[in-house]
Protein chains: 2
Amino acid sequence: MKIGEFAELAGVSKRTVDHYTNIGLLEPERSASGYRFYGKADLEKILLIEQKKTEGLALEEIKAELGATPLQTDSAELIGKKMETIQKELDEVLHLLKKTDLDQAAIKLEISHEKLAMLQSILHLFS
Amino acid sequence: MKIGEFAELAGVSKRTVDHYTNIGLLEPERSASGYRFYGKADLEKILLIEQKKTEGLALEEIKAELGATPLQTDSAELIGKKMETIQKELDEVLHLLKKTDLDQAAIKLEISHEKLAMLQSILHLFS
DNA sequence: CCTCCAAACTGTCACGTGATGGTTTTATTA
DNA sequence: TAATAAAACCATCACGTGACAGTTTGGAGG
């Protein structure tokens, strides 16, 4: 179901669902056009989230707590997505490193040249 | 100067300065307690940002445009932060990989075992 | 002059809001 | 029935808002 129906069923605002999605608490499917699709599992999850909130937990804490187990189902896809994210970020960093003096960066980051080089190799493996 | 004075001089709200800071458009110094300190350079920068905005540019575009050069000064810190983020995410992924069948993950991710092993090595280098 | 305190200031969190620009669904009209 | 126009829905951007908690600072009293 789309965000409107989902939010109503969950008893929260669309903006709340939006927020949870942005911070990665909910991970809906996406249509080709970008529309989010939430399922029954998401519904159970958000109800649990609202429960935890009344217990005084912060969203990030809830995320950590929930992130520990419910990944058995579709962990492969999830890992795939995470890999994409990480790859993008590695790209960013390497981009920065190229614009900077590599040696100086290494010094300030307290990382050895080998590790930096290693990082670069890894990136090549994934691209 | 602190955010209040800075925002006033720039002719924008504190929230706007806050926003720019959150998305990395401004990178103020921080006191031990976390207070942000903006300097003269930041002032010139934010005025330029406001200018670019009137030209219809999005903040991310402005960031990209400005990001091309002004990183010489504090790029090390920036990279450091990114490294932290990436490290956390790598941790997450490896955590996931441990809970999953490594071989199956490799298959579904279309990544060779060597690359996965490599990833694990890298993680050890940074932890 | 030093101490203590309230007022002013600040950061972060968890959304809210209005504008803009696509997408989907529904209704209408040819 | 197919094309199209209108209405409803959705995503993202750029902040705004209110609550809460920690920080800084200008006095008041000792």
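Small disclaimer: the values here were computed from a predicted structure and weren't measured. Throughout, protein chains are lettered first and strands after them, A, B, ... in sequence-line order, and every chain is numbered starting at 1.
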### Message
Tell me the interatomic distance from B:D18, atom CG, to D:dG18, atom C1', rounded to whole angstroms.
### Response
14 Å
### Task
Report the distance from atom CG of A:N22 to atom P of C:dC15, rounded to the nearest whole Å.
12 Å
### Task
Would you indicate what B:F6 reaches in the nucleic acid, counting non-hydrogen atoms under 4.0 angstrom: base, sugar-phosphate, or nothing?
nothing
### Query
In whole angstrom, what separates A:R36's CZ from C:dT23's P?
15 Å
### Message
Taking 4.0 Å as the cut-off, does a side-chain nitrogen or oxygen of B:T16 come that near to OP1 or OP2 on D:dA14?
### Response
no
### Message
It should be established whether A:S13 places a side-chain nitrogen or oxygen under 4.0 Å from OP1 or OP2 of nucleotide C:dG16.
### Response
yes
### Task
Among the candidates C:dC15, C:dT24, D:dC15, find the nucleotide nearest to the side-chain atoms of A:S31.
C:dT24
### Residue pair A:D18 / A:R15, side-chain heavy-atom distance below 4.5 Å
yes
### Message
Treating A:K63 as the side-chain partner and A:I23 as the backbone partner, does any N or O pair qualify as donor plus acceptor under 3.5 Å?
### Response
yes
### Task
Look at B:E5 together with B:K2 and state whether they make a salt bridge at an N to O cut-off of under 4.0 Å.
no
### Query
Looking only at side-chain N and O atoms, does B:K53 come under 4.0 Å of OP1 or OP2 in D:dC15?
yes
### Task
Between A:Y35 and A:R15, just flag the one whose closest nucleotide in DNA chain C comes earlier from the 5' side.
A:R15
### Task
Can you figure out which of C:dT10, D:dA14, C:dT24 approaches the side chain of A:K2 most closely?
C:dT24
### Message
Just the rounded figure in Å: distance from C1' of C:dG11 to CD of B:E29.
### Response
17 Å
### Summary
From OH of A:Y38 across to C1' of D:dC9 the rounded distance in Å is 14 Å
### Query
Looking for any heavy atom pair under 4.0 Å, which part of the strands does A:Y20 touch: base, sugar-phosphate only, or nothing?
sugar-phosphate
### Message
Less than 4.0 angstrom from a charged side-chain N to a carboxylate O is my criterion; do A:K45 and A:D42 meet it?
### Response
no
### Query
What is the distance, rounded to the nearest whole Å, between atom CD1 of B:I3 and atom P of D:dT23?
17 Å
### Message
I need the CG-P distance between A:L57 and C:dA14, as an integer number of Å.
### Response
11 Å
### Query
How do A:S33 and B:K14 order along DNA chain D: which one's closest nucleotide is nearer the 5' end?
A:S33
### Task
Just call it for A:I23: base, sugar-phosphate, or nothing, with non-hydrogen atoms closer than 4.0 Å on any strand.
nothing
#### Entry: Cationic N near anionic O, under 4.0 Å, B:E29 to B:R36
no
### Query
What integer distance in Å separates B:H19:NE2 from C:dT12:P?
14 Å
